[in-house]
Structures are given as C-alpha cells and as structure tokens.
Amino acid sequence: MKTAVIQFPAANCDRDAITALEKITGRESTLIWHRETEIPEDIDFVVVPGGFSYGDYLRCGAMAARSPIVNDLVKKANGGLPVAGFCNGFQILCEAGLLPGALLRNKNLKFVCKPQKLKITNGNTRFTSAYGGQQEVVYPVAHHDGNYYADDATLSKLEKSGRVLFKYVDNPNGSARDIAGICNEDGNVFGMMPHPERAVDPLHGGTDGINFFKSILESR
Amino acid sequence: MSQDIEITKDIVAEHGLSKDEYKIILDRLGRTPNMNELGIFSVMWSEHCSYKSSRRHLGKFLTTGERVIQGPGENAGVIDIDDGDAIIFKMESHNHPSYIEPYQGAATGVGGIMRDVFTMGARPIALMNALRFGEPSHPKTKSLVDGVVAGIGGYGNCVGVPTVGGETNFHKGYNGNILVNAMCVGLASTDNVFYSAAKGVGNPIFYVGSKTGRDGIHGATMASAEFDDDSDEKRPTVQVGDPFTEKLLIEACLELMATDAIIAIQDMGAAGLTSSSVEMADKGGVGIELNLDHVPQREDGMTPYEMMLSESQERMLMVIQPGKEQLAFDIFEKWELDVAHIGETTDTGRLTLHHGGKIVCDIPVAPLADDAPNYDRPHKPTPKRDVLDAAHIALTDVNAGLLAMMGSPDIASRRWIWEQYDRHVMADTVDSSQSGGDAAIVRIHGKNKAVAITTDVTPRYCYADPYEGGKQCVVETWRNLTCVGADPIAITDCLNFGNPERPDIMGQFVGCIEGMNEACNALNYPVVSGNVSLYNETNGVAIPPTPAVGGVGLIPDLDFHTNLAGAKDGDVLLMIGENTGWIGSSLYLREVAHREEGAPPPVNLKMEKLHGDYVRRLIRNRRVNAVHDCSDGGLLVTATEMALAADIGFDLQRPAGSCAISGWYFGEDQARYLLAVDENSVNPILSTAEGLGIPATKIGTFGGKRLTSNDGLSLDIGKVRSTYEAWFPKLMES
Amino acid sequence: MKAIVHIGLKPGVLDPQGRAIARSLGDLGFSEVTGARQGKVIELDMKGNDAEKAKASVIEMCEKLLANTVIESYKIDIEA
Amino acid sequence: MKAIVHIGLKPGVLDPQGRAIARSLGDLGFSEVTGARQGKVIELDMKGNDAEKAKASVIEMCEKLLANTVIESYKIDIEA
Ligand SMILES: Nc1ncnc2c1ncn2[C@@H]1O[C@H](COP(=O)(O)OP(=O)(O)O)[C@@H](O)[C@H]1O
Ligand SMILES: [Mg+2]
C-alpha cells in the first residue's frame, strides 16, 4: 500500500503519521506539500495529520481546508480514495466538507493530553475490521478543540447508519453523544480527535492503534 | 526618537547606565553618543546581556568534558551522544514578563529558548519547565498558574515539540516574583552544528522571521530591574508570541542548514537586533554595516532606536555565503517568512547603521563586549544554621503525616499541569509524565537510544545553606538521570536570585555557584550552557535563591531503562544509602510542623557517586524492577510514589534501633535510592553493596492494595491516591 | 475602506467559552449577568471605495473562509 | 438589557491571527484585502435596566476578567 501524508505549515504531527505508516506498511510514505495541486495517482491512502495547521488561527483547520492540495483531496475522496484525518486532520476534513459537523473548544476550555479509552461502535468498516470484535481501545488524545458538534438530525443519521466508529468512554471534551470518530457515507473518509498513529509502539503510546492501520491495509 | 536629542544626565540614568559606565562610553567614542548609540550601549551593558554581576563567578564552572562539543558562550551547549548525534540544550528564565502577563510571558519564554537551540542546527525534540509560584492562598497565585501553564502549553503544543517534564513549587518567597524557567533540548549532527561568529568581509547579512514592531523595547533592561508597585504601568513592553511563525522558522532554518549557505547565525533574543549583530561581529572580530531601511517593519515610522531595541519575537540574523542569496530567499519564501538582505560584514570592526540616507550609529564593536562592566560585587556568606535533631520533632500519627504530605502543594500530583501539555508529539516520548519517572525519556528518532532529561533545585536548602544547596541541586539531577538508567552527561542552569547589589544576596549567589561547581567536578558533570536572572525582588524582598539545574543524560540502549512504576507483587523494597533521619530544612518540617529551620542535609559527593554508579549498574544488569531516588518528603513519600505509580501497596518495617520516627519516615538524607527488586535478587544486591561499602537495607515488601508499616501506618492506596490527585484541581477550581 | 465582520455561534450551538465567562463573572460576584456568548470580530482593510462591491466580496470571504456556516453566522458592516 | 463588549489588541501589539487571515484571503484571490485584525466580542445578558449602572459594572468586569488590559483594549455598548 502506498501512503501519503499532507504537510501543512505547522501541522506538526506529520512525523507521527509517517512513523506509524512506515512501521505498518513497511514502505516509505510520501509527504505532500500543501501548495501541490495533485495527489499522485498511485497513492492508496492519505492521512491528514494532526497538529496546528496555520497555528489554529481563525478556526482550527479552516485555512488548511482551503489549500490547493485539499481541493484535489476532496475530489479524489469523493471518487473513493481512502482518507483518514486525526486531530487537526479531523478538523480539516470537517472544514473541507468531507465529514459533517464541526469541532468546538473543549468543554472545560483546556488542552487535554492523555491516554483515552474508546469504545469501538462499528467494527465492520475499513478502519476497524482488523480489531476482530475487540470492544475497547486506548489511543492518546491531545487537543484543545475536540468537542464534536452537529445538529441533532445529523447526529442521529450518523448513529443509525453505523457511521460512528468510535465513542469516548469518559468523554474528555464534551463531544455530542460521546462521538470520537466518524466516517462519510461511502465509508472511505474517516476522522477522529484521538491519535491512533501515536499508539503503534509499546514504548511510546501503546499498540492499540496498529489494528486501525492494519484494517486499512487488509481492506484494500 | 531622533539621534539629535541632546543626551542629558537624566537620559543616561533612564537607560540604566551608571555615571562611571557612561564615562567609559565617552572615553571609547571620544565624543558624546547619539540616542541610538546610547540605547545600544545601555542594552549591551544591562545585567541581562553583559552578566556584569555574575560573569567572574560563572567563570569558575567546570565546562569541559569528554562529551562536550561546545560549552557556555554560544546560544546553547552541545554534547556528543555517539553515532554522529549531538544534543544541544539550554535553560532560560522569563520571570518578569510572566508575572506581568503570564500567558504571553511564558509562551515567549518557550519560544525564545527554542530559538537558542535551533539556531545551532538542532531540531528541538523536548521542552521542560521549572516553575515557582507564591503561596497557593495568595490572591494572584491561581491566575498566574493558570496563565503560565496555558502559555507554555499554548506555545509548545502549537509548535509541535513535546513538553516532557519539569517541576513546580509553591512558596511565599515567590508571592511577588514568580519564576518561569524553560528548557529546550534539540538533536543535531555533530558535523552540522552552527555558531554565531560572523566571518569574512562583504558577506551578506540576512534578516528572517517576523517583522519588527515596537514591542518589548527595553525588555532587557526590564528583566534587570527590580519590581515595585508601579510595575503594572510598565506593561506595554510585553511581547506576544506567534508559535505558528516559530514553527515555520524552525523548518525553514533547518532546510537552509542542510545546504552550505550559512556562515553564521544568531537568534534575536533579548535586545533583539542590537545584541545579535554585536555578538556576531564581536565573536568573529569583524564589523557590521546595516541599512535599517531594509528591516521588515510592522509599523510605520519606526526609528532606528526602536528597531535596534525592539524585542519582537521569532526573528533570526544570519551571515550568508556569497552566491547563496537566492537559495536563502527561495527557502524562506517557501515558508512564507519575511526575509531581507539588510547589510554586510566589514573589516572596520565597527557597527555602522544607515537609516533614511544618513549614518545613525557608528561605534566600535569591541568596547561593547570587552569594556562591558564586570563587577566584583561584595558578598557575605549566609550564616550556618544549627543541625536539628529529629528526636525533637514529633510524629504521632504516620497516617495523618503521610496524607498531609501527599496532599501538600509541593508533592501533590501535577496532572492538572501536564495534561495540558502535548507530551507525545514527534513520536519519541518514551516515558512521559504519565508514568511519573524521575527523568523524562526521549528517544533519538529511528534509534534504540534515548536522552534523559530532568530539572531540579531545592530552594529551601539553598536558602538555608547556599553551598550545600548548590551541591544538592546538581546532585539531584544526576540521581534522577541515574534512576531511569541514563549516564548523566552535562547540565544547563538558570540562576534565579535577588538583587546582586546586596551583599547577602550576592553571598547566596556565590555560595550556590561554588557548591554547584564542587558537585560538577566530583561527578564529572560539566555546565555547558545557562542563564542568570537577577533582581528577582519586589519591594525589597528577594526570592529564595533558586539555581534551577537541567540535567541531560544518555540511555545508550533503551532495552535497559527503568522508572518508578515497575514494582510487582512480592517485590522487596530496598534502600540504598543511609537514613540518619535528617529533618532540618525538610519538606515535612515545613508542611506538617510548620517550621522552616535547621541545616539542610549535607551532600557527600563521594557517596553520591558510589551509590549512583551502583544503582546504574543494577539497572544495566536487570536487577531492579523500579527505582526512585529519595528527595522531597523522604523515604515514605518516595515509597508511596512508587506504590501509586504501580498501583500496588507495601508493608514497611522500620528496623529496631533506627533513628527517630519522624526522621526515618520523612527525613531527607541524600544519596539514597529505593529499589523494587525480585526476592531472589535481594541477597546478591546486598552482598555486592557490602563489598563496595554501600549501605543497603531491606525495608519492606510490595503487595496488596494497602500501605502499612510496623509504626501503625495503615491506609488504603485509593485513599492516598485521591488525596494526592485532589489538591491541584481543588486549588484551580476554587 | 474597512469591513467589520462579526462572527458568532448560531443559536443552539453550545458555546463553552461564553458559558465559562458567565460562570466566572458569577463567581466574581457579578450576579447581574445571566448569560454570555463569545464571538469574533474581524476587521479588514480594503482597497477601493465601492461599498456594495466590497460587501459582496466580504460575503464571499465569509462563505469561503471566515465563518464556518455549520456552526456560525456572520454580519458585515462596511465603513468608509 | 444587553452589553456588547468589543475587545481588540492594542495598537502595536502583534496580531498573528490577523496576519494569517490576511495572507489566507490573499491566497484565495481576495487581493483587495490589505490587512486584517482579529478581535473578540462578548455579549452579556444583564438584569436591570439602568444603562449607566450596567456600563459601570461591565467596565469593572473588563478590568477584572474579560480583557487582558496589558495587551488589549475594550469598548462597551449597552443595548436596551
Ligand atoms: N548560569 C550560567 N551557567 C553557564 N553558562 C551561562 C550561564 N548564564 C549564561 N551562560 C552562558 O552565557 C551565554 C549568554 O547567555 P544568554 O545571554 O542567555 O544567551 P542568549 O542571548 O543566546 O539568550 C550563553 O552561552 C550561556 O550559555
Ligand atoms: Mg541566543
């Protein structure tokens, strides 16, 4: 599987994403600069990394979502290219309209960084299938604006259609209905505030994230 | 401000220059300086830039060693950690700005120390911070804690460098003058380290980063002046940090550094364009000519005086290899940073500034550095205190004592703080605050080795006895690095003291430095960088002497590292070192007995070395499951921290005939470690220790969920944990 | 010319900042405050002097970047 | 009654947000924008109907909590 990570100015988890992708695929991952206008045709999976693109100024992810590369990302994602956004990447995908809803400031207004327990609420997706029925995982969270919001109709639709893949156990940020991670209607675009890419190494953040990436690898 | 203004006595005084200092200026110039020139002399000769009260004492430090590539004198210190890898690090204070505007003060402190590190070619890989606040009950404390912590997190998280550790203390001595010391550790190649000495003649000088605004003018002199009640009025000198630009600046500088385009580079820190250009010229023995019209400016109508003294953040000055100008422009423009060619190196040995077609400053560089004042301030040693016998300090209820300690301001969990810091970004934090190690561990990317980092100082010891306290702060960092299995290599420091013009304060300063240096020599543990922050006083009341030390060590093989969290059911608890029950100047004495007296524990450097080397050897031989050194709170607090980290209880047995009970549990004898070891390792460890002349005693076993002892200790671990975890949130939510 | 863009959360969207402000004011004894909302103002310096045209282009800026219309509404004032 | 508090950075204080917004608008082709500044608005719901008194108490709120007067200035409008 050929993977790529988009590099925005100051989206600083590009290294975390590349480290995880290379570890799991065993192949070099490509860094794509935000001013590029096209994602190479041979890329099978794109990660929109976390961090603070454009310093999170104005609104988290707002400026990155308008960059040239995201134009092409939207096009290719709508054509079926698998895409995952973590943390700031999730915010960017929402801002770009690839995922519904928006991320507000954490309920207690504080940045929160800790290992976070999550419930897998749909194990039958291209992002969760390798968990083989496992119910709970721990991924680190590290964000200031992770409070997921969408109107009630959207939330119900997401839940009913199995598009909520992860929920928080002990909601750390006030997200509506404890939602942690969601996908689009076609199931190829996924976003979440927690960091599975920081959970692929026993010395670093645990290993619960490995099966997230394995799912994508195996579902190809 | 125009250079035509006549220089009066008042103007000279406003610039913080003494009559004698001004006379030297007149002498060296052979004429009266203009305003621009006076401003430049004033900031270069401020305490902050010239180290005029401290220089001669800093010179005493051990600064060389096998692994030292660059000691003090550059933007940061550089050490060799094998395989062509170099670690570059430094600690710096941002005390005064953080008191005035805690969020921005702390944020720009983090930004500034990062620039010192990446200026030298290193990618920052870890941030630390050492914080001191006033009493928890002081009306300002809560908002200062809130702002400082948010500012540190706000900057570091955004730039994407993990904040992996630090320390936080509370004491009334900091009520009017908090300390915010930030440390940055970076990784470079030994063959690609950058220095600040300008070289050659006619080489282009580039300005990059943010535009220059009117912020922070006279920040350097502010940082060197005492506070009084009018300080609130001096506010507009506060600068606002822009971590987004900092991140771009890091990436752009590192990209340019991978080419051979840079001859010299220097961040614009305190005193901005002035100190960066003067230092580059002085170190390289060249002159510098700048055209200030080309300096990127944020506001209209800025004068040369303002431009030279501005402390706008996120800026760098560099000397570029002729012919590489376009390459530099391209890289900085790619990262959307301001970049300008503002001048050249010359062979005149002078700093010459042009503005609006006129020469607005023309002074020789050498006197700015060479003739900077260098005072031998009178210093009076701190009188020795009597030794306090633990037999006079009662401990009737060990349970109440332990709970009081675990819920006290200096021991209670710092979770409230570190959960606001991104500790994991960059994918290499091995042991974050989460597991409560004595030192943070950050892996070298892609390799199985790591650096260990810690910051420490015990101001109550330094106040009681500067010399012993000075030894102790160095030794404690060395022990903390040892506890995680690292070879301690070198330290940086941040010397926070009161007004050096007072002999008793100067006595503290000199005493601490001499003690620190004694420890550095005994442990072969040199100082490679540092910072001095003086005049930390409000209305004539000085802070306790606080020489914060940042230690860095190497874990050559990550398969052999430890922390305090590994104790297993059935493990035996061993104490390395001697417990004489030293209660003087202990935290217990202060928090529970409410007495701040007695000589602090003496530091026996031979013993420290012997014990530490032995513990490290046990770690490398996989003999221990968990290690923690005894510091604040003594044996019982140390053991309890191990129990909480592993979520396991213990039973302690105080041997018959040992010292007084308060001292045994809470005394702070140095050179001690607690180890959790497998039952079958006990005898080999004890017998080897005996052979080496190291006191080692079995004092308990781990297991269950209760903390018990033969002196009536009996507490559920959950109860202890809730006391330990509750204090900070309660303070902040009150 | 200047354009002043006021951006606020739509009614019904939880406003954690506003809520925290109201609570803190209450804690400080300002019991007369019964609610608070926090919004943004963006002030733009603009070339030209055709207010109509400016407004039209600021609307476009809001839709494209300045506001997230999923959660926010905006209001534009043009000053000469 | 409502109090609208406008809070902005004092002149001369660096406004990284405003700068980034201006640049981003430029990238999107809005070349008519020559500068941008970002500020906050806090809208307070208030009991009572004495505008004078309300204003006085909002000034106190600004000084104590709402504005960081080291770097920010504020302006208050009271609406009935
Ligand atoms: N307490 C100290 N111990 C060792 N070195 C010090 C100390 N204080 C300052 N130095 C060294 O003096 C030099 C100047 O320090 P500083 O003015 O803080 O540098 P910068 O301008 O880069 O911030 C640096 O090389 C620093 O490491
Ligand atoms: Mg420097």
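This is a predicted model, so every value here is computed, not measured. Here is the naming used below: chain letters follow the sequence lines, and residue numbers restart at 1 for every chain.
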Looking only at heavy atoms and a cut-off of under 4.5 Å, which of B:Glu314, B:Lys211, B:Glu299, B:Glu336 has the most pairs with chain D? B:Glu336
With a 4.5 angstrom heavy-atom cut-off, could you sort out which part of D:Asn68 is near chain B: side chain, backbone, both or neither? side chain
Is any side-chain heavy atom of D:Pro16 closer than 4.5 Å to one of B:Val240? yes
Name the region of B:Thr245, side chain, backbone, both or neither, that has any atom closer than 4.5 Å to a heavy atom of chain D. side chain
Where does D:Ile71 contact chain B at under 4.5 Å (heavy atoms): side chain, backbone, both or neither? side chain
Considering all heavy atoms, the nearest B:Leu248-D:Arg23 contact: CD1-NH2, 4.3 Å
Quick check on B:Gln104 against chain D: is it the side chain, the backbone, both or neither that has a heavy atom closer than 4.5 Å? side chain
Would you name the heavy atoms of D:Arg19 and B:Asp242 that are closest together and state the gap between them? NH2-OD2, 3.3 Å
